[in-house]
**Student:** 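The structure is given below, and queries will be raised subsequently.
Counting from 1, the numbers follow the sequence of the chain as shown.
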Amino acid sequence: MKALMSVGALVGVIGLLLLIGMVMGVIPSNTVRLVEGYMPMQMLFELALFVAGFAGLSYLLGSMGMGIPRFWQGILFWAFILLYLKYRVYPPIPFSVRAMYGTVSLIAVFMWMSSNEEDWKKFKQPILNVLDAQSGFNKVLRYVYLVLLPIIIGGFSYMSMKPTSEEPIELRTVHPAPPASTKVHGKSYVLQTAQNPYRVNTEGKYDQEYTNSLIVEQSMGRLMKPNANPWDPKAEGYLKYVREGGEIFFQNCHFCHGDNLNGRGLHAFAFNPIPANFTDPGTIAQLQETFIFWRVAKGGIGLPNEGFPWASVMPPWEQHLTTDEIWKVILFEYWHTGYYPRTWD
């Protein structure tokens with residue numbers, strides 16, 4: 001048992017040293033590369049390894065009479081998670097996402113500490129000591145908390161809300177130049193020549209003119225001719241695929257991009273910046289379908305540096321949708337907004 005815990009402690013110490021090196025800038029975050037497509041599983045594996053390491057470290061320190069109190073175990077582990085998310089993960093993830101993960105981690109730590117009566121009693125004892133203020137030290141500490149916490153929270157809120165006229169330090173390129181080609185599900189697509197395979201007529205043949213002829217004018221969606229209703233279960237060809245793309249959109253995308261594709265979804269305002277508003281003429285109306293295909297497939301993490309991949313929370317949808325489903329969603333987005341995709345010629 002002790003040998004096993006010693007190995008765990010060694011893993012914990014190595015993990016801490018690596019993280020400290022990343023925080024200090026001595027070790028680059030991408031020293032141990034996060035593999036594209038397996039990043040969430042790799043992060044979970046690393047965190048599980050660290051948990052095992054810290055458990056071993058705690059056990060050994062306890063056996064030597066230098067055990068860390070339960071309260072500080074919980075606080076230090078939570079601080080470790082926050083530092084891991086900020087300094088280990090590359091490309092960096094937005095603050096709004098780190099805040100959500102941090103909140104979930106805090107709840108997990110709380111559940112861990114309250115899993116049995118003895119641990120819960122040890123965890124809350126330092127808090128109760130300060131609240132009861134039976135000693136002079138705790139009394140001073142209580143007054144410090146009562147004064148400092150409101151000042152810190154108020155100051156943070158004031159600085160966050162304070163308007164500023166200063167120019168941003170860096171300008172983000174919203175529509176960065178796409179690569180010449182991209183590979184999705186093992187197949188390469190040349191973005192300048194690829195086409196949406198679902199812009200087809202009722203005979204199943206690619207027909208851009210046919211799809212355009214069903215739209216009355218460019219504006220907000222649903223401006224189809226009376227006989228061009230994609231929600232009709234008998235609709236065929238282009239209209240059928242629009243309906244299927246809409247079903248996929250409402251199963252996966254509307255939570256952020258909104259029912260009306262205006263970037264006002266249920267979760268939209270948890271992010272900064274908020275998701276793209278497809279009804280804005282500055283978004284998909286300015287782009288080729290292949291650009292949207294690349295962006296949807298690769299997500300925020302696939303953006304080049306000038307697009308600030310750390311400022312986008314869109315996941316790489318190629319991990320969740322098939323290639324056909326991505327093309328159909330794009331078809332629906334253009335239909336719903338009433339825009340035509342730009343072409344290369």
Side-chain angles (χ1 to χ4, degrees), residues 29-30 33-43 82 84-104 160 168-179 181-184 189 191 248-249 251-321 323 325-327 329-330 332-334 337 339 341-342:
S29 299
N30 55 358
R33 196 167 67 90
L34 290 170
V35 182
E36 186 180 347
Y38 298 93
M39 186 173 164
M41 294 306 298
Q42 191 174 344
M43 287 174 61
L82 297 180
Y84 176 89
L85 292 172
K86 182 172 176 56
Y87 293 100
R88 166 67 181 108
V89 183
Y90 189 87
I93 51 179
F95 172 78
S96 51
V97 177
R98 279 190 280 123
M100 283 193 295
Y101 287 163
T103 304
V104 172
S160 301
I169 298 173
E170 295 172 296
L171 292 176
R172 180 188 182 208
T173 303
V174 179
H175 301 315
S181 64
T182 188
K183 182 176 281 188
V184 179
Y189 295 85
L191 298 188
I248 297 164
F249 179 90
Q251 288 169 0
N252 299 278
C253 315
H254 88 287
F255 301 104
C256 294
H257 290 288
D259 293 350
N260 292 317
L261 285 68
N262 57 2
R264 300 295 193 270
L266 182 64
H267 304 314
F269 294 97
F271 307 123
N272 183 19
I274 61 173
N277 171 8
F278 297 142
T279 63
D280 186 326
T283 57
I284 62 173
Q286 298 287 321
L287 302 167
Q288 298 85 14
E289 276 189 304
T290 49
F291 184 101
I292 309 295
F293 177 74
W294 164 64
R295 287 287 289 111
V296 173
K298 300 301 177 185
I301 199 171
L303 283 167
N305 284 340
E306 65 266 27
F308 287 19
W310 49 88
S312 172
V313 297
M314 190 168 77
W317 282 104
E318 64 178 340
Q319 297 178 7
H320 309 283
L321 300 178
T323 303
E325 289 173 330
I326 294 174
W327 281 122
V329 166
I330 296 169
F332 169 76
E333 290 173 354
Y334 277 103
T337 55
Y339 293 130
R342 290 184 68 182

**Student:** May I ask you to decide if Phe278's main-chain N or O and Tyr339's side chain share a donor-acceptor pair within less than 3.5 Å?
**Tutor:** no

**Student:** Between Arg295 and Gly300, which heavy-atom pair has the shortest distance, and what is it?
**Tutor:** NH1-N, 4.1 Å

**Student:** Take atom OH in Tyr189; do more than 12 heavy atoms of anything else shown fall under 6.0 Å from it?
**Tutor:** yes

**Student:** Under the 3.5 angstrom rule, does the side chain of Arg342 hit a backbone N or O of Gln288 as a donor-acceptor pair?
**Tutor:** no

**Student:** Got a sec, which residues hit side-chain hydrogen bond (donor to acceptor under 3.5 Å, both in side chains) with Asn277, two or more places apart in sequence or on another chain?
**Tutor:** Thr279

**Student:** Where do Pro178 and Leu191 come nearest, in terms of heavy atoms and distance?
**Tutor:** CB-CD1, 3.8 Å

**Student:** Where do Glu289 and Pro341 come nearest, in terms of heavy atoms and distance?
**Tutor:** CG-CB, 3.5 Å

**Student:** Quick one: NE2 on His175 to CD1 on Ile284, what's the gap to the nearest 0.5 Å?
**Tutor:** 10.0 Å

**Student:** Report the C-alpha separation of Val329 and Val296 in whole Å, then their side-chain angles, then the decisive distance to 0.1 Å, and conclude whether the side-chain contact (heavy atoms from CB on, under 4.5 Å) test is met.
**Tutor:** CA-CA 9 Å; Val329 166; Val296 173; 5.8 Å; no

**Student:** Mind listing the closest non-hydrogen atom pair of Glu318 and Lys298 along with its distance?
**Tutor:** OE2-NZ, 3.0 Å

**Student:** Do the rings of His257 and Phe249 sit parallel, tilted or perpendicular, given the 30° and 60° boundaries?
**Tutor:** tilted

**Student:** With a 4.5 Å heavy-atom cut-off, do Met100 and Phe271 have their side chains touching?
**Tutor:** yes

**Student:** Quick one: pull up CD1 in Ile330 and CD1 in Ile248 and give me the separation to the nearest 0.5 Å.
**Tutor:** 10.5 Å

**Student:** What pair of heavy atoms forms the shortest contact from His320 to Pro316, and how long is it?
**Tutor:** CD2-O, 3.8 Å

**Student:** Using 0.5 Å steps for rounding, measure from the CD1 atom of Ile326 to the CG atom of Leu321.
**Tutor:** 5.5 Å

**Student:** I need the Arg264 CZ to His254 NE2 distance, nearest 0.5 Å.
**Tutor:** 16.0 Å

**Student:** Parallel, tilted or perpendicular: which fits the ring planes of Phe308 and Trp310, with parallel below 30° and perpendicular above 60°?
**Tutor:** parallel

**Student:** Would you check if Val89 and Met43 make a side-chain contact, meaning some heavy-atom pair closer than 4.5 Å?
**Tutor:** yes

**Student:** On a heavy-atom basis, which atom in Trp294 and which in Ala177 lie closest, and how many Å separate them?
**Tutor:** CH2-O, 4.3 Å

**Student:** How many angstroms lie between atom CG of Leu266 and atom CG of Asp259, to the nearest 0.5 angstrom?
**Tutor:** 9.5 Å

